[in-house]
Engineer: 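Okay, handing you the structure first.
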4 protein chains.
Amino acid sequence: MVGLFEMKKAAEVRDTKHVILKNALQLFLKKGYRAVTYQDLMKKTGLSKGAIYHHFASKDELLEGVFGFLLDTTRQPAVESPEDCVTDRETFRELFVRGKLAQIQGFKKITHTRSLKVNRLLFFLEAINENDGLKQSIEELMQEEKMFLVKCFTGLQKHNRLPPGKDPALLAECLFWMLQGSEMRLFVSDDYNLEADCINGYNKTIDDFFAITGCL
Amino acid sequence: MVGLFEMKKAAEVRDTKHVILKNALQLFLKKGYRAVTYQDLMKKTGLSKGAIYHHFASKDELLEGVFGFLLDTTRQPAVESPEDCVTDRETFRELFVRGKLAQIQGFKKITHTRSLKVNRLLFFLEAINENDGLKQSIEELMQEEKMFLVKCFTGLQKHNRLPPGKDPALLAECLFWMLQGSEMRLFVSDDYNLEADCINGYNKTIDDFFAITGCL
Amino acid sequence: MVGLFEMKKAAEVRDTKHVILKNALQLFLKKGYRAVTYQDLMKKTGLSKGAIYHHFASKDELLEGVFGFLLDTTRQPAVESPEDCVTDRETFRELFVRGKLAQIQGFKKITHTRSLKVNRLLFFLEAINENDGLKQSIEELMQEEKMFLVKCFTGLQKHNRLPPGKDPALLAECLFWMLQGSEMRLFVSDDYNLEADCINGYNKTIDDFFAITGCL
Amino acid sequence: MVGLFEMKKAAEVRDTKHVILKNALQLFLKKGYRAVTYQDLMKKTGLSKGAIYHHFASKDELLEGVFGFLLDTTRQPAVESPEDCVTDRETFRELFVRGKLAQIQGFKKITHTRSLKVNRLLFFLEAINENDGLKQSIEELMQEEKMFLVKCFTGLQKHNRLPPGKDPALLAECLFWMLQGSEMRLFVSDDYNLEADCINGYNKTIDDFFAITGCL
DNA sequence: AATGAATGAGCGTTCATTCAT
DNA sequence: AATGAATGAACGCTCATTCAT
């Protein structure tokens with residue numbers, strides 16, 4: 001039967017591509033993009049150079065593929081109307097942390113890694129430097145996350161959880177940068193347990209933020 | 001007797017070393033550490049490979065030298081007792097921004113550059129990755145800056161500028177990460193005027209922070 | 001019984017082979033033998049690598065096939081007894097040019113190309129270098145053409161068109177090399193219109209030759 | 001003494017460069033430009049890849065260097081006023097053949113080779129194909145040679161060695177192409193003794209040409 | 001007959017480093 | 001202190017070829 005045959009072949013192709021992407025991502029995160037060589041890729045994937053080139057015509061194309069792969073596996077599905085779901089600190093925290101957790105778990109599933117060290121940032125910056133398209137993706141990703149926070153704080157305002165006169169948009173932006181900054185801490189620290197440390201970090205940042213701003 | 005001749009020679013040595021450090025720093029910031037080759041260094045310094053190797057035995061040693069050079073030229077002299085000088089938002093802002101401005105100007109003096117793009121971060125992360133000693137330096141630097149902020153907020157508390165019940169240490173830490181995060185924005189943005197954009201960024205972050213926390 | 005089905009299959013085979021030969025020839029003439037890759041061949045033929053290898057077991061075998069194909073399509077049918085047909089310069093010119101024209105048109109039919117630049121020569125020399133069999137073919141071809149010219153000049157002599165005492169064989173050989181040489185001019189020139197420039201070139205060479213030798 | 005020292009160093013550099021050029025030329029003539037690899041060059045020169053790249057930044061630059069080297073070593077000094085020296089066939093032949101002989105001997109001195117096969121032509125055509133600058137050089141070279149012949153035939157005309165009504169420029173051009181063509185014969189033939197076969201070839205071509213045109 | 005995934009040798013080139021001068 | 005010729009390992013990439021399907 002033709003159908004089955006072709007499906008099998010297509011699956012194998014996807015498999016090899018997937019093997020390359022997964023292993024390349026792990027290497028890129030561990031050593032940075034430039035530092036990873038085809039030698040490394042060959043050893044890690046068990047494939048020949050030619051096979052990798054058969055699927056990705058250049059290292060840059062591989063970078064794009066890996067980046068897309070990382071975003072696909074990592075991006076949580078957009079939450080519908082956070083401005084309605086979020087009614088207080090706990091619902092906000094739950095929503096936010098749940099999303100991050102899903103991201104981290106997707107990430108762990110493909111990298112089989114517990115630690116990141118500085119290298120996710122390094123990989124991102126190299127990507128930005130090498131490839132203008134990827135730079136855009138990263139900026140869009142940041143914008144998206146900021147908008148999500150604005151909606152959350154709009155929800156909190158609707159339920160009178162903000163101190164009088166506080167602008168939800170301003171609060172959202174401040175929290176966004178604080179989260180960015182404190183995420184850097186993870187990368188600088190030696191090593192960390194992804195789930196525990198990361199989630200704890202997010203929780204602490206949210207608690208601190210609510211404490212210093214007087215949100216409830 | 002250390003004659004004039006020896007002094008002249010010593011001065012020349014320091015000169016050549018300085019020429020190498022300055023130009024290497026500019027290149028590292030522009031392209032990242034790994035991407036800079038001895039070819040680049042030769043063209044920029046006008047020296048031969050051998051001359052550079054004469055002063056720095058390897059690329060890694062050069063990296064350390066350049067990093068130390070960057071810190072030396074950049075680090076502002078510690079302010080004595082900020083907890084006494086800082087009495088309100090304006091004295092805090094003035095003190096903080098003055099320090100940053102001094103940093104930026106020292107930086108400009110050696111790099112002759114107005115823009116940084118993403119590459120300061122890239123350079124730092126590469127440095128962290130390549131060389132454990134440098135990683136420590138960076139962490140110490142961050143710790144130092146955090147302590148400075150704690151002292152400032154202690155000063156503010158002494159003058160009743162904090163809302164009741166707010167912990168100066170917590171406020172300092174939150175502002176620290178927010179500043180880190182918002183600095184990232186600069187690196188992601190295409191290009192920026194160091195003095196104007198940077199200082200504006202710091203001012204805006206401080207204003208926002210005082211606005212959302214209710215500090216005066 | 002050789003059914004319709006088998007005939008159809010045989011025709012298809014010949015078709016595919018023909019497609020490969022035709023396109024390979026065009027590529028070889030355009031870029032030279034060594035410079036043409038299977039990548040190029042795939043793109044031009046629309047076939048897969050495997051398909052090409054199915055019909056030609058190696059690149060060298062393909063070269064032989066293409067060369068034979070070029071000769072087959074290009075070689076004009078031998079003129080019977082030129083020593084009888086050629087009675088003066090005009091009959092000679094007509095006979096010679098008609099043959100060349102047939103060659104060129106056969107060539108155009110398979111290559112769909114108006115220009116050759118240096119590459120026919122390049123292709124021939126590469127062929128000679130790579131494959132001893134092909135070298136022989138080329139030498140035979142040249143010998144054949146020389147003999148044809150000898151017969152023509154014999155015809156001219158029979159009709160008293162040669163100055164007294166001139167050896168038809170010597171005249172033929174001289175014209176042959178002059179034609180070879182002046183053909184080189186075409187390859188060195190940037191580009192040329194096959195029919196017009198080529199035929200004009202032959203006509204001019206013949207005229208010049210008759211002028212300097214005093215043949216009629 | 002500084003002068004001697006620097007002269008020695010300069011001589012060594014020139015030596016290495018010369019070694020590379022000489023060996024590269026031999027290889028290019030033997031196998032063609034594309035077919036020669038750095039592997040070949042390393043083996044033949046006894047130098048490392050890096051050393052070759054130190055002197056020639058790319059294969060194309062090496063090609064240019066080799067080509068210039070070939071022309072330099074090969075080009076005979078321009079004869080002054082051939083229109084005066086050439087008075088009859090023998091003075092013409094002597095002048096022409098002497099120049100060619102000098103060329104061949106210069107060539108032998110650098111290549112230590114007796115045979116060329118097809119490859120000088122192949123090398124030239126590849127050079128034309130790869131590098132537009134070289135194409136120009138070759139065309140200029142041909143033009144130069146043609147002009148030289150025109151001057152020779154002008155000399156012959158001045159001494160009444162041409163049949164009445166024969167144009168010296170036309171005769172020169174015809175002979176030029178005949179020489180080109182008959183040189184091709186050498187390249188197609190298996191192998192040949194440079195001095196003997198080449199010079200014999202030129203002599204024969206000249207004799208034949210004088211015979212068929214009636215020049216004296 | 002035809003596909004295209006996979007191989008592995010080898011390509012031109014770059015690089016940090018060494019060393020005689 | 002400084003030069004720059006030379007090294008050799010490794011780089012990203014291309015190629016003709018094989019083979020299971």
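What you are looking at is a predicted structure, and each value in this text was computed from that prediction instead of being measured. The sequence lines fix the lettering, A, B, ..., with proteins before strands; numbering per chain opens at 1.
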Engineer: Grab the NZ-C1' distance between B:K59 and E:dT18 for me, whole Å please.
Structural biologist: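 The answer, rounded to whole Å, is 17 Å.
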Engineer: Under 3.5 Å, side chain of D:Y38 to main-chain N/O of D:K59, donor-acceptor pair present?
Structural biologist: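 Checking the backbone N and O of D:K59 against the side chain of D:Y38, a donor-acceptor pair under 3.5 Å is found.
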Engineer: Would you say the side chain of B:L62 lies within less than 4.5 Å of the side chain of B:L41, judging by non-hydrogen atoms?
Structural biologist: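 Yes; the side chains approach each other to less than 4.5 Å.
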Engineer: Heavy atoms, side chains only, cut-off 4.5 Å: are C:L122 and D:L122 in contact?
Structural biologist: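 In contact.
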Engineer: For the side chain of D:E61 and the backbone of D:A57, is there at least one donor-acceptor N/O pair under 3.5 Å apart?
Structural biologist: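 Present.
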Engineer: Separation of A:K17 atom NZ from E:dG4 atom C1', in whole Å?
Structural biologist: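 In whole Å, E:dG4 C1' and A:K17 NZ are 13 Å from each other.
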Engineer: For DNA chain E, what are the stems built from at least three Watson-Crick or G-U pairs in a row, each pair having both distances below 3.5 Å?
Structural biologist: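 So far as stems of 3 or more pairs are concerned, DNA chain E shows E:2-21 with F:2-21.
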Engineer: Answer yes or no: is there a donor N or O on one side and an acceptor on the other, between the side chain of C:N131 and the main chain of C:A127, under 3.5 Å?
Structural biologist: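 A pair under 3.5 Å: no.
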Engineer: Hey, are the side chains of C:I20 and C:T16 touching, using non-hydrogen atoms and a 4.5 Å cut-off?
Structural biologist: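 Answer yes - side chains close enough.
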Engineer: Can you tell if the side chain of B:V66 reaches within under 4.5 Å of the side chain of B:F123, non-hydrogen atoms only?
Structural biologist: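 A side-chain contact under 4.5 Å exists here.
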Engineer: Between C:L21 and C:F56, is any pair of side-chain heavy atoms under 4.5 Å apart?
Structural biologist: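 Yes. Closest side-chain heavy atoms under 4.5 Å.
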Engineer: Once the angle between the rings of A:Y33 and A:F28 is folded into 0 to 90°, is it parallel (under 30°), tilted (30 to 60°) or perpendicular (over 60°)?
Structural biologist: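 Ring orientation, 0 to 90° scale: perpendicular.
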Engineer: Tell me: CZ of C:F56 to P of F:dA16, nearest whole Å?
Structural biologist: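 So the two atoms are 16 Å apart, to the nearest Å.
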Engineer: Using the rule salt bridge (charged side-chain N to carboxylate O under 4.0 Å, His left out), only one of B:K49, B:K31, B:K30, B:R34 pairs with B:D40; which is it?
Structural biologist: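 Among B:K49, B:K31, B:K30, B:R34, the one that satisfies the salt bridge (charged side-chain N to carboxylate O under 4.0 Å, His left out) with B:D40 is B:K31.
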Engineer: Which residues in residues 31-43 of chain B have at least one heavy atom lying under 4.0 Å from any atom of DNA chain E?
Structural biologist: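 B:V36, B:T37, B:Y38, in order of number.
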Engineer: How many whole angstroms separate atom CG of C:L63 from atom C1' of F:dA16?
Structural biologist: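 So the two atoms are 14 Å apart, to the nearest Å.
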Engineer: Check whether any side-chain N or O of C:T16 sits under 4.0 Å from OP1 or OP2 of E:dA2, and answer yes or no.
Structural biologist: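 Indeed, a polar side-chain atom of C:T16 lies that close.
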Engineer: Between atom NE2 in C:H55 and atom C1' in E:dT3, what is the gap in whole Å?
Structural biologist: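 So the two atoms are 12 Å apart, to the nearest Å.
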Engineer: Relative to the ring of C:H18, is the ring of C:F69 parallel (under 30°), tilted (30 to 60°) or perpendicular (over 60°)?
Structural biologist: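 The arrangement is perpendicular - the two ring planes meet at more than 60°.
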Engineer: Check DNA chain F against residues 44-54 of chain D and give the residues with a non-hydrogen atom under 4.0 Å, in numerical order.
Structural biologist: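 Correct list: D:L47, D:S48, D:G50, D:A51, D:H54.
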